[in-house]
Amino acid sequence: MENSQRIKQLQPSITLAAADQAKALQAAGKDVLMLTLGEPDFVTPRNITMAAKRALDSGKTSFYTAAKGMPELLEAIILHLQKFYDVKYQTNQVVATTGAKFALYALFQTILNAWDEVLIPKPFWVSYVEQVQLAQGRAVFVETFEENHFKVSVDELEKRRTSKAKAVVLNSPANPTGIVYSADELRDIGEWAVENDLLIVSDDIYGRLVYNGCKFTPIVSLSEEIANHTVVINGLSKTYAMTGWRMGYAAGPTEIIAGMVKIVGQATSNLTTVTQYAAIEALVGDQSSVEAMCVEFERRLNELYPKVAAIPGFKLDKPQGSFYLFPNVKKAMERCGFADVTEFTGAILKETGVALVTGAGFGAPYHLRLSYATKQEIVEEAIRRVTKFVKGYSQK
Ligand code: PMP
Ligand code: GLU
C-alpha cells in the first residue's frame with residue numbers, strides 16, 4: 001500500500017537522523033564523537049527520579065489521567081510559570097504534552113486551516129516547518145542577518161506578512177544559533193503581532209539556559225495584550241536533563257488550549273503518568289541542580305567558543321544561551337573544495353569521526369551545528385580533529 005502524499009512530502013528530522021547515523025557507526029565499532037543532539041549529558045536530578053520512583057512503588061501508574069494532565073501537574077505548571085515568568089495562568093490555560101515537540105504539533109493542528117501562513121525566522125529549528133506543513137499550513141521564511149546576530153526585525157517580518165498570516169514563531173534562546181532576544185526587541189515584535197492579530201508561538205524551551213549575565217525575558221511577561229496573543233511552549237528536556245521522559249507543556253488562550261487538549265486526547269490520551277509525577281517535582285521542587293548544570297554549560301561555552309572560532313574558516317559570534325555553536329563555515333568549505341554544507345559535514349564525519357549537524361535543515365546553507373551538551377573532553381577532541389581536517393585539506 002502506498003503512503004499518503006502528506007507522508008511522502010514529510011522530511012525526517014535531520015537532528016535525529018544525524019544522531020542515528022552516528023550511533024550506527026559507533027555500533028559498527030567506529031570511533032565517533034557525537035556532537036549532534038541537544039541532549040544534556042547529565043543524569044536527571046535525583047529529587048526528580050525519586051519522585052518517579054515513589055509513584056512507581058506506590059502503584060500510582062496504572063491509570064490514564066485527564067488528557068490535559070493531572071490537576072496536581074497543571075497546578076505545578078501554573079506555579080512554575082508564576083515564579084519564573086511572573087504571569088498567572090488558569091487551569092484551563094495549560095496542557096501537558098509528550099514533549100514540547102508534541103505541544104507544537106498539537107498547536108499547529110489546532111490553529112491552522114489549509115494555506116494559513118506561519119512566519120518562521122531563519123535559521124529555524126528543524127521541526128517547525130514540517131509540523132506546519134503537516135497541519136496543511138504554509139511555512140513562510142523570514143530573513144535574518146548574521147551581522148545582526150540572526151535576530152529577526154519587525155521590518156523583515158512585515159515584508160513577509162500577507163493576509164493569510166496567522167502566527168509567528170519565536171525561539172529565544174534559540175536553537176541552533178544560541179541568540180537571546182532582549183526585552184525591547186521582544187516588545188517590538190510582540191506589539192507588531194498584536195497590531196496585526198497574529199498568534200506568537202513562543203518556544204521557550206531553552207529559557208533557563210542563559211549565560212554570562214544574559215537575561216531571558218518571557219515575551220508573555222511584557223504586557224497582557226501580548227500574553228493574550230501568545231502560546232508559550234516549554235518542556236523539561238533541556239533544563240532538567242529529561243529528554244527521555246518526554247514532558248512538554250503549553251500555556252495560552254483558553255480556546256487554543258482546549259483545541260490542543262482534544263488532539264492530546266485523541267492522539268496520545270495523556271502524558272505518561274509516571275512522568276507526570278516526576279514533572280511535578282521538577283517544576284516546583286529543588287532547583288539547585290538546574291543552577292549547577294547551567295554553570296557547567298556556561299563554563300564549557302566560555303572555554304570552547306574561542307577554540308571553535310579559531311578553526312580556520314569558521315566564523316561565529318559568541319552565543320548567549322541554549323547549548324549549541326553554529327559557525328559559518330563557508331570559508332572552510334571553500335578551502336576544502338566543498339560547495340554543499342551537508343557534503344562537508346558528511347566528509348568531516350567520514351574522515352574524522354566527528355558527528356555534527358548540517359545547517360541545511362535549519363535553513364542555513366553555510367553553517368553547521370555543534371552541541372556542547374556533551375562532555376567537554378569529547379568536544380575538545382572533536383575540535384582538534386576538525387582543525388586538523390581543515391588544515392590538512394588547505395595544504396593539499
Ligand atoms: N523546541 C526546540 C527549539 C528544540 O530544540 C527542541 C528539541 N528537543 C524542542 C522544541 C522539543 O523538545 P522536547 O520534545 O524534547 O520537549
Ligand atoms: N531538539 C534537539 C536538537 O535539535 C533534539 C532533537 C530533536 O528533537 O530534533 O538536537
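Numbering of ligands and ligand atoms starts at 1, following listing order.
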S.K.: What is the nearest protein non-hydrogen atom to atom 8 (N) of ligand 1, stated with its residue, atom name and distance?
M.R.: K238 NZ, 2.9 Å
S.K.: Which pair of non-hydrogen atoms, one from V284 and one from A76, has the smallest distance, and what is that distance?
M.R.: CG1-O, 3.7 Å
S.K.: So, Y240 side chain and A282 main chain: donor-acceptor pair closer than 3.5 Å or not?
M.R.: yes
S.K.: Donor-acceptor check, side chain of R369 to backbone of T36, threshold 3.5 angstrom: yes or no?
M.R.: yes
S.K.: Hey, is N171 touching ligand 1 through its side chain, its backbone, both or neither, going by heavy atoms under 4.0 Å?
M.R.: side chain
S.K.: Applying the side chain to side chain contact (heavy atoms under 4.5 Å, CB included) criterion to I233, which one of N171, L170, L107 satisfies it?
M.R.: L107
S.K.: What distance do T44 atom OG1 and E281 atom CD have between them, rounded to the nearest 0.5 Å?
M.R.: 12.5 Å
S.K.: Does V274 offer a backbone N or O that forms a donor-acceptor pair with the side chain of T272 under 3.5 Å?
M.R.: no
S.K.: State whether the side chain of Q131 and the backbone N or O of Y105 hold a donor-acceptor pair below 3.5 Å, judged by distance alone.
M.R.: yes
S.K.: May I ask you to identify, for A100, whether its side chain, its backbone, both or neither come under 4.0 Å of ligand 1 on a heavy-atom basis?
M.R.: both
S.K.: Which parts of the protein, at residue level, reach under 4.0 Å of ligand 2 through a heavy atom?
M.R.: S13, T15, L16, L37, G38, K101, W125, N175, K238, Y324, R369
S.K.: Nearest non-hydrogen contact with atom 2 (C) of ligand 1 belongs to which option: N234, V126, D203, T239?
M.R.: D203
